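Comments concern the structure below.
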Amino acid sequence: MKTALFACSYKQRQYFAQLASVMGNDGFLLWYKSPSFFLPRCVSWRRVSFDINQEIVKSANARGGRVRRPTVWLLSGSHWLRATWLYAKYRRWLRQFQITESVVWNGLKFRQRLWCLACEDEKVNVCYMENGLLPGFTTLDEKGVNYGNSVSRQVSYFTNAAHIEAGKTYLSKCQKNTAAETRSIILVPFQVNSDSQVVRYSPWIRNMADMVDVLLKIKPQCEALGYRLLVKPHPKCSTPQKSLFDRLRKADIEVVFDVGINELLPLSSAVITLNSTVGMEALIQGVPVIVLGQAFYDLPGLTLSAATLDELKVAMADLSTWQPDETLRMGFLGYLAAHYQVPGDWHEASNEHLKAVVDRLTEIQRKRVAGY
C-alpha cells in the first residue's frame, strides 16, 4: 500500500515529513502548493455546493457579519472555479503516484474536503488527523474528526469495567487543580468565528454574535440562581469582536483575556460551550458542561445539552442539583486515553509517537481489508 500524507500548512508538512520517513516507501508527502500542470476537470456543483456554502458562511463570520447577495454570487463562482482546478489536480496526483491510502489533517476545510472528494472518486481510503482530545495525545480516526468522528454515541459502550479502570488510571495521572471554596462562575469560552466547529456543527448559534445574544437573554436567570457569566475570548480568533465585548461589558458580563482556562475551570460551577475542546477539559476536571452545538462528548449523563434558548434555561435551572455521572465520565475518558487517542503530542513528535501513528494506520488498514 502507498499512503499519501496530504499537508496544507507548514506545520502539517513538517510533521507529515517526519511521519513519511518512519513509514519508508509506504509513505508519500504531498504538499498542496506543489506545482502541477493539468487540464481542468469539471466537478458537479451539487457535489461541492455544501463546501461552497460553508466557505461563504466562514467568510461572513470572519468579517463579523453577513455577506451581501452580490458578494455571495461572486464567492460562489470563484469557489467553484477553484474547486474545479483543485479537484482535477488532486485526482491527477492520486493516479500519477498510484496512491492507495491517504491521511489528511482535519478534512473539514475547503482544500482538504476537495482532496477527500477526489480520494472518494479514486477509491482511495482516507484517515483523518487532528489535535488531541486529551492533553498529550493526537487524534487519528478512520471516519472523521470532532462531531464526525467514530467515537460511539452509546452510553453503555463506556460503562464496561475495562474502560472505567482505564479512566481511573488516566485521571490519577492528571494534574488536579485545587477547587475554589465558592464556585459562582459560569464560564463561556468563545470559539473562532470561522472555525469549522462553529460553521458546520452549530445549528442554532451561527457565530459569537449569536452567542452574545443568548448570554444577554439568560443573564437575569443566572443572577437569580446566584451565578455570574464570564466570557473567555479565543486567543486565535482574528474576527473584529470589540463591539461584542462592549455589549457584554455594558450588560455587566465580565470578559477575561489574561487568565488561562486551567485557572478558570476550578472557579467555575459550569461551562457553556458550543463544542469547544474546553468542554473536554471541563470533563477532565469534573466541571458540569452545557453543550449548545453538536459535540461527540454530548452524551446523556455526561453533559447537559440545549438546542434552543428554552432548553438552555431548563439546563441552567438543573445545574444546582446535576453532576456528570462519575462512572460514565471515567469510562468515557478511559476509552479515549487507552484506546481511541494516539499517545504523544504531534507538535513535539517523538519516535515513539510516530511509530504509534504508523501502527494505528496499519491497524485501520488491516480492519478495512478484513471488512470490519
Side-chain angles (χ1 to χ4, degrees), residues 133-134 147 151-160 163-164 167-168 170-171 174 176-191 197 201-205 211 214-232 253-254 261-336:
L133 303 171
L134 305 174
Y147 185 68
V151 175
S152 175
R153 305 307 196 254
Q154 298 296 320
V155 169
S156 58
Y157 182 80
F158 304 105
T159 54
N160 66 55
H163 291 157
I164 294 170
K168 291 179 181 178
Y170 171 72
L171 289 172
C174 293
K176 294 181 174 61
N177 291 316
T178 303
E181 293 184 5
T182 304
R183 292 187 174 207
S184 60
I185 292 173
I186 293 182
L187 178 62
V188 186
F190 272 19
Q191 295 175 230
Q197 282 273 73
Y201 296 135
S202 183
W204 70 288
I205 297 179
M211 179 68 94
V214 169
L215 296 181
L216 295 179
K217 290 174 182 176
I218 66 170
K219 181 177 181 289
Q221 182 186 11
C222 286
E223 293 177 340
L225 293 170
Y227 302 124
R228 63 188 179 95
L229 294 167
L230 187 149
V231 170
K232 170 66 176 173
I253 296 176
E254 189 174 1
I261 288 294
N262 288 332
E263 297 175 66
L264 294 173
L265 281 174
L267 307 174
S268 303
S269 297
V271 168
I272 296 178
T273 180
L274 297 182
N275 42 34
S276 169
T277 53
V278 176
M280 282 298 306
E281 296 176 48
L283 288 175
I284 295 172
Q285 296 294 330
V287 177
V289 180
I290 301 177
V291 180
L292 306 185
Q294 296 171 323
F296 77 96
Y297 54 79
D298 184 21
L299 300 174
L302 187 62
T303 62
L304 294 168
S305 59
T308 64
L309 180 62
D310 288 340
E311 289 182 9
L312 175 55
K313 290 179 178 179
V314 171
M316 293 288 302
D318 291 341
L319 269 181
S320 61
T321 57
W322 187 89
Q323 285 290 322
D325 182 285
E326 189 62 14
T327 299
L328 174 57
R329 186 176 78 97
M330 284 191 295
F332 182 75
L333 294 174
Y335 165 75
L336 294 181

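From a predicted model like this one, the values you see are computed outputs, not experimental measurements. Residue indices begin at 1 and follow the sequence shown.
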Do the side chains of Val289 and Met280 get nearer than 4.5 Å, heavy atoms only?
no
Nearest heavy-atom approach of Ala270 to Val287 is CA-CG1, 3.8 Å
| task | Carefully, step by step, assess Met316 and Ile186 under the rule side chain to side chain contact (heavy atoms under 4.5 Å, CB included). | result | CA-CA 10 Å; Met316 293 288 302; Ile186 293 182; 3.3 Å; yes
* Asked: Do Pro203 and Gln294 have side chains that get closer than 4.5 Å, going by heavy atoms?
  -> yes
**Report entry** Side-chain touch Val151/Arg153, heavy atoms, less than 4.5 angstrom
**Finding:** yes
- Considering only heavy atoms from C-beta outward, does the side chain of Ile253 approach that of Leu216 to under 4.5 Å? yes
One should read off an interatomic distance between Leu336 CG and Leu283 CG, to the nearest 0.5 angstrom, of 9.5 Å
With sequence neighbours left out, the residues meeting side chain to side chain donor-acceptor pair (under 3.5 Å) with Lys232 are none
Smallest heavy-atom separation, Trp204 atom then Ala306 atom, equals NE1-O, 3.3 Å
Requested in this report: State, yes or no, whether a side-chain contact exists between Val155 and Leu302 at a heavy-atom distance under 4.5 Å.
Outcome: no
Residues passing the side chain to side chain donor-acceptor pair (under 3.5 Å) test with Glu326, sequence neighbours excluded, are Arg329
Phe190 meets the ring pair (Phe, Tyr, Trp, His ring centres under 6.0 Å) criterion, sequence neighbours left out, with none
Side chain to side chain donor-acceptor pair (under 3.5 Å) filter on Asn160, not counting sequence neighbours, yields His163
Here the pair of heavy atoms bringing Pro324 nearest to Gly286 is CG-O, 4.3 Å
Worksheet item: Quick one: are Tyr297 and Val291 in side-chain contact, heavy atoms under 4.5 Å?
Response: yes
For Val271 and Ala282 the tightest heavy-atom approach is CG2-CB, 3.9 Å
Self-check item: Close side-chain approach of Leu319 to Ser269, heavy-atom, < 4.5 Å
Solution: no
Here the gap from Leu215 atom CG to Ile272 atom CD1, rounded to the nearest 0.5 Å, amounts to 6.5 Å
Value for CG (Leu299) from CG (Leu328), rounded to nearest 0.5 Å, stands at 6.0 Å
In this structure, CG of Leu230 is separated from OG of Ser184 (nearest 0.5 Å) by 9.5 Å
Between Leu187 and Ser268, the two heavy atoms sitting closest are CB-OG, 3.6 Å
Exercise. Show your working on side chain to side chain contact (heavy atoms under 4.5 Å, CB included) between Leu265 and Ile261 and close with a plain yes or no.
Key: CA-CA 6 Å; Leu265 281 174; Ile261 288 294; 3.8 Å; yes
Donor-acceptor check, side chain of Asn275 to backbone of Gly293, threshold 3.5 angstrom: yes or no? no
Residues 222-231 vs salt bridge (charged side-chain N to carboxylate O under 4.0 Å, His left out), sequence neighbours excluded, gives Lys219-Glu223, Arg228-Glu254
Between Tyr147 and Phe296, the two heavy atoms sitting closest are CD1-N, 3.8 Å
CD1 (Ile185) and SG (Cys222) are apart, to the nearest 0.5 Å, by 12.0 Å
- Item | Student check: side-chain heavy atoms of Gln191 and Thr273 closer than 4.5 Å | yes
Quick note, salt bridge (charged side-chain N to carboxylate O under 4.0 Å, His left out) partners involving residues 289-308, not counting sequence neighbours, are none
To the nearest 0.5 Å, atom CD1 of Ile164 lies from atom CE of Met330 at 6.0 Å
